[in-house]
Amino acid sequence: MSSTDRIIGQPVSRVDGPLKVTGQARYAGEFKPGPLLYGSVVNSTIACGRILKIDTEAAERLPGVVLVLTHRNRPPMAAESEAYEDDDAADGGPFRPLYSDRILYSGQPIALVVAESLEMAEHAGSLIRVEYQRQPHQTDLMTELENAHPAPAELPENRGDAAGAFAAAAIRLELQYSTPVEHHNPMEPHASTVHYLPDGCLEVYDKTQGVQNCMRYLEQVLGLEGRIRVISPFVGGAFGSGLRPQYQLVLAAMAALQLQRSVRVTLKRQQMFTFGYRPRTVQRLRLGAAADGSLLSITHQAIGQTSRFEDFTEHEVEWSGMLYHCSNVSFDYRLVPLDVHTPLDMRAPGAAIGVYALECAMDELAYAAKIDPLELRLRNYAERNANEDKPWSSKALRECYQQGAERFGWATRPMAPRSMREDGKLTGWGMATGIWEAIQMPASATACLESSGRLIVQSATADIGTGTYTVMSQIAAETMAMRIDQVEFRLGDSALAQAPLSGGSATVSSVGSAVQQACMALRQKLLDRAQQSPASRFSGARLQDVAFLDAGLQLSERPETRVTYAELLSLGGSLEASASVEPGEQRNAFATATHSAVFAEVKVDEALGTLQVTRIVSAIAAGRVINPQTATNQIVGGVVWGVGMALQEETRIDHHLGRYMNHNLAEYHIPVQADIGKIEAFFVEERDEIVNDLGSKGVGEIGIVGVAAAIANAVFHATGKRVRDLPITLDKLL
């Protein structure tokens, strides 16, 4: 076997790892393209109203302050009537920083101070005095539930008679679950460094999950078509917070245009709480089942909060119509507009909270029917996606259940709550199912085999910490029969080949497919060059007649007929090929998804009132896994976040002020090392020849789905108390 075979599927260490651990990887707030000015954002202190007066004189008099930008003196911006959007926009009019004197939410940016140093800019910002006309505000979802309106979301059609089947069911459950506001809080804060070029163009270094999205957004908002280039080679975590351009990007660009100088704006940690977030929701489920636990009726209703200027929607309720077999299903999804910023996609948006409610309800049904929770799920296993009335392209969920249960030891679990103790602590075991759609989006890539023998592959995608540099290098190396150290993958530049936003677990299936096809086109060009001479030994050979091995090509039936890439490149220099891909027509007849089974153990000390997640087993079916090492990292990271979601994460708001109160990492609690027990994440074998040519479904989102539910179910098993309002804090448990 060739030394270059089977690079895909191998646990290759991150090719960008050395740059990161040696500090050579530069992030948006670290680029310094010549002399820089520094911007500090001033935020509103009220939740609704108008600015009557904004006094900037004291700030402007300070030495070193060069500009105070407000709604009164900003550069021209697209008018509210001129529709412009980004690739992850919600329905409505997107927020425009410094657009007018209107205050739409607490923390809204109302001024940007630009100075020779960041310290001077921040000090000057503290001297700005603002007089407001306050207007009544409402930020509490729970008091406004009756004012909800239908969400502009495409829901599956209701099927059967859910109400009638529920009324006739032997077991009837009516349940309500709620989830709080959560904020993304990546390690790297949002920052934009805008380099003003002599020709009036802007070279922008931004923290983003989509450089071309940011480029188009700035072009539209500021009328700069063809004058923007956005660069983002490294992203220090995003989790969805970088899908939409955030306000520091526009502010930095406006200041650079006004001053014709380069400007950097970096948000502070507290300001990371002044834009998108996971929305607060209330979910109501009605489950009707036969005495043996077979589902007869499901009704899933969700109410989420949104802003007054946009309707933010997620895929929140439809999971209940596809995860289990049921002939009578009803969906309802509504929104409550509040005086807050628009929510934003956060890891596994919609599924993380929608599946949480469904899987807790399934656990409650298991106890009502006196059936083991795993057995209940197997009894209601869905062989088809009934929402679309399509078979699955692949579904190894049974294997996830079986292998996960075996590794966890589920077979020894007693059914009764409070029946397990270990080391004097109540012990509980819970489980849940996870699901996430297997998405593919249009994408492009280029591959260039240089005369030096190095393969350069490019696409304008992002690496948000998931290992994109590495897996794309693996795909290219295997397709071209080269070693991975002979491949360089370039990304994060809006000037490169078109790529979608890096999110939704779609990057490998989308950009990876484009990389594979670009390399296949390059193989054809290599064969064409090998056939240039009429007397060529490859004359008349077709691509399927040729084997690519060890950076060379040879005839499959005559391996001695071989030529290396180096020999071909010496004949005419470098070779380049491009490819654009989109979801294949073969997908249309199938439903596609990643599935998982999550098993959790918790221990509760009744004397001390402490709750600890001691063990989690997560079994994932995700098609072909390109890199088990980086993929496992993704699952473990999702599990850790699921622990935080279940037990800690909650952004608290003072509704009297309309302001977030725990807007820092001291009081916004996320798991630390001591909070995390043993995590075992593994992939079950699953072949899928429908989802894309790579057979890969993506793993970024699925890791968190089902984790909070498994923990909540384990807490019930340990204590006998059902907490339906996340997070499960000690006050609720006691």
Stepwise side-chain contact (heavy atoms from CB on, under 4.5 Å) check, Val317 with Gln301: CA-CA 7 Å; Val317 298; Gln301 301 172 319; over 6 Å; no
task: Test Arg587 against Gln440 for side-chain contact (heavy atoms from CB on, under 4.5 Å), laying out the working first.
output: CA-CA 10 Å; Arg587 287 174 57 113; Gln440 183 180 1; 3.8 Å; yes
- prompt: Which is it for Thr299 and Leu285 under the side-chain contact (heavy atoms from CB on, under 4.5 Å) test, yes or no, and what are the steps along the way?
  reply: CA-CA 6 Å; Thr299 297; Leu285 280 100; over 6 Å; no
task: Might you work through the side-chain contact (heavy atoms from CB on, under 4.5 Å) test for Thr630 and Val471, ending with a clear yes or no?
output: CA-CA 8 Å; Thr630 57; Val471 296; 3.9 Å; yes
query: Are His325 and Tyr381 close enough, and set up right, to give a ring-ring contact (aromatic ring centres under 6.0 Å, His included), and what steps lead you there?
result: CA-CA 6 Å; His325 175 71; Tyr381 194 87; over 10 Å; no
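No side-chain donor from either of Ser696 and Ser509 sits under 3.5 Å from a side-chain acceptor of the other. A side-chain N or O of Ser394 and one of Lys697 form a donor-acceptor pair less than 3.5 Å apart. No side-chain donor-acceptor contact under 3.5 Å links Gln305 and Arg280. Remark: the Asn328 side chain and the Ser297 side chain contain no N/O donor-acceptor pair separated by less than 3.5 Å. A donor and an acceptor atom, one from each side chain of Ser241 and His184, are nowhere located under 3.5 Å apart. When only modelled atom types and interatomic distance are considered, Ser393 and Thr592 share no side-chain donor-acceptor pair under 3.5 Å. Between the side chains of Gln474 and Asn627, at least one donor-acceptor pair of N or O atoms lies under 3.5 Å. Glu585 and Asn588 share no donor-acceptor pair across their side chains, judged by distance under 3.5 Å alone. Side chain to side chain, Asp693 and Ser513 fail the donor-acceptor criterion of an N or O pair below 3.5 Å. In this structure, a donor-acceptor pair under 3.5 Å is present between the side chains of Thr468 and Thr466. Side-chain contact annotation: Thr342 with Ser307, donor-acceptor N/O pair under 3.5 Å present. One side chain, His300 or Gln283, offers a donor N or O that lies under 3.5 Å from an acceptor on the other.
Between Asn158 atom CG and Asn387 atom CG the span is 10.0 Å, to the nearest 0.5 Å. Taking CG of Leu397 as the start and CD1 of Ile435 as the end, the distance is 8.0 Å to the nearest 0.5 Å. How far CG of Leu243 is from CD1 of Ile464: 7.5 Å, rounded to the nearest 0.5 Å. The CD atom of Glu689 sits 11.0 Å away from the CZ atom of Arg624 when rounded to the nearest 0.5 Å. A distance of 13.0 Å separates CD1 of Ile353 from CG of Leu358, quoted to the nearest 0.5 Å. Of the inter-residue distances, the one linking Asn692 atom CG with Gln516 atom CD reads 8.0 Å to the nearest 0.5 angstrom.
Note on Glu680 versus Arg407: salt bridge recorded, some NZ/NE/NH1/NH2 to OD/OE distance being below 4.0 Å. Ion pairing between a basic and an acidic side chain is recognised when a charged N comes within 4.0 Å of a carboxylate O; Arg244 and Asp88 show no such pairing. Using a cutoff of 4.0 Å between basic side-chain nitrogens and carboxylate oxygens, Glu364 and Arg172 are not scored as salt-bridged. With respect to the salt-bridge test (charged N to carboxylate O, under 4.0 angstrom), the residues Glu359 and Arg377 qualify.
For an aromatic pair to be called close, the ring centres must be under 6.0 Å apart, and His595 with Trp436 fails this.
Closest approach of Thr208 to Gly210, counting heavy atoms only: OG1-N, 2.9 Å. For Ala462 against Ser502, the heavy-atom pair with the smallest separation is O-OG, 3.5 Å. The two atoms that bring Ile620 and Ser596 nearest to each other are CD1-CB, 3.5 Å, heavy atoms only. Shown here for Thr594 and Gly698, the closest heavy-atom pair between the two residues is OG1-O, 3.5 Å. For the pair Val511 and Ala499, the tightest heavy-atom approach, listed with the atom from each and the gap, is CG2-CB, 4.1 Å. Here the shortest heavy-atom pairing between Val707 and Val643 reads CG1-N, 4.0 Å.
Applying the side-chain contact (heavy atoms from CB on, under 4.5 Å) test to Arg334 and every residue at least two apart in sequence or in another chain returns Ala148, Pro150, Ile303, Asp332. Here Glu182 pairs with Arg278 under the salt bridge (Lys or Arg N to Asp or Glu O under 4.0 Å) rule; sequence neighbours left out. Residues meeting the ring-ring contact (aromatic ring centres under 6.0 Å, His included) test with Tyr177, sequence neighbours left out: Tyr356. Residues passing the side chain to side chain donor-acceptor pair (under 3.5 Å) test with Asn385 are Glu388, sequence neighbours excluded. Asp389 is linked by a salt bridge (Lys or Arg N to Asp or Glu O under 4.0 Å) to Arg384, counting only residues two or more places apart in sequence or in another chain. In this structure His183 satisfies the ring-ring contact (aromatic ring centres under 6.0 Å, His included) test together with Phe273, Tyr277, Tyr660, sequence neighbours excluded. In terms of the salt bridge (Lys or Arg N to Asp or Glu O under 4.0 Å) criterion, residue partners of Asp87 (sequence neighbours excluded) are, by chain and number, Arg216. Here Gln524 pairs with Leu527, Asp528, Leu543 under the side-chain contact (heavy atoms from CB on, under 4.5 Å) rule; sequence neighbours left out. For Glu316, there are no salt bridge (Lys or Arg N to Asp or Glu O under 4.0 Å) partners at least two apart in sequence or on another chain. Residues meeting the ring-ring contact (aromatic ring centres under 6.0 Å, His included) test with Phe599, sequence neighbours left out: Phe408, Trp410. Under the rule for a ring-ring contact (aromatic ring centres under 6.0 Å, His included), the partners of Phe239 that lie at least two apart in sequence or sit in another chain are Trp641.
Screening Cys360, Pro180, Ser178 for a side-chain contact (heavy atoms from CB on, under 4.5 Å) involving Leu726 leaves a single residue, Pro180. Test Asn713, Ile702, Ile616 against Val598 for side-chain contact (heavy atoms from CB on, under 4.5 Å) and you get one pass: Ile616.
Inter-residue side-chain proximity for His149 and Leu335 is flagged as met; some heavy-atom pair is nearer than 4.5 Å. Side-chain contact between Glu650 and Val181: absent, with no pair of heavy atoms (C-beta onward) separated by less than 4.5 Å. The side-chain heavy atoms of Pro152 and Thr313, taken from C-beta on, include a pair separated by under 4.5 Å. Val705 is not listed as a side-chain neighbour of Trp319, based on a closest heavy-atom distance of 4.5 Å or more.
Sorted by first and then second residue, the ring pair (Phe, Tyr, Trp, His ring centres under 6.0 Å) pairs with a member in residues 679-717 read Tyr367-Phe716; sequence neighbours excluded.
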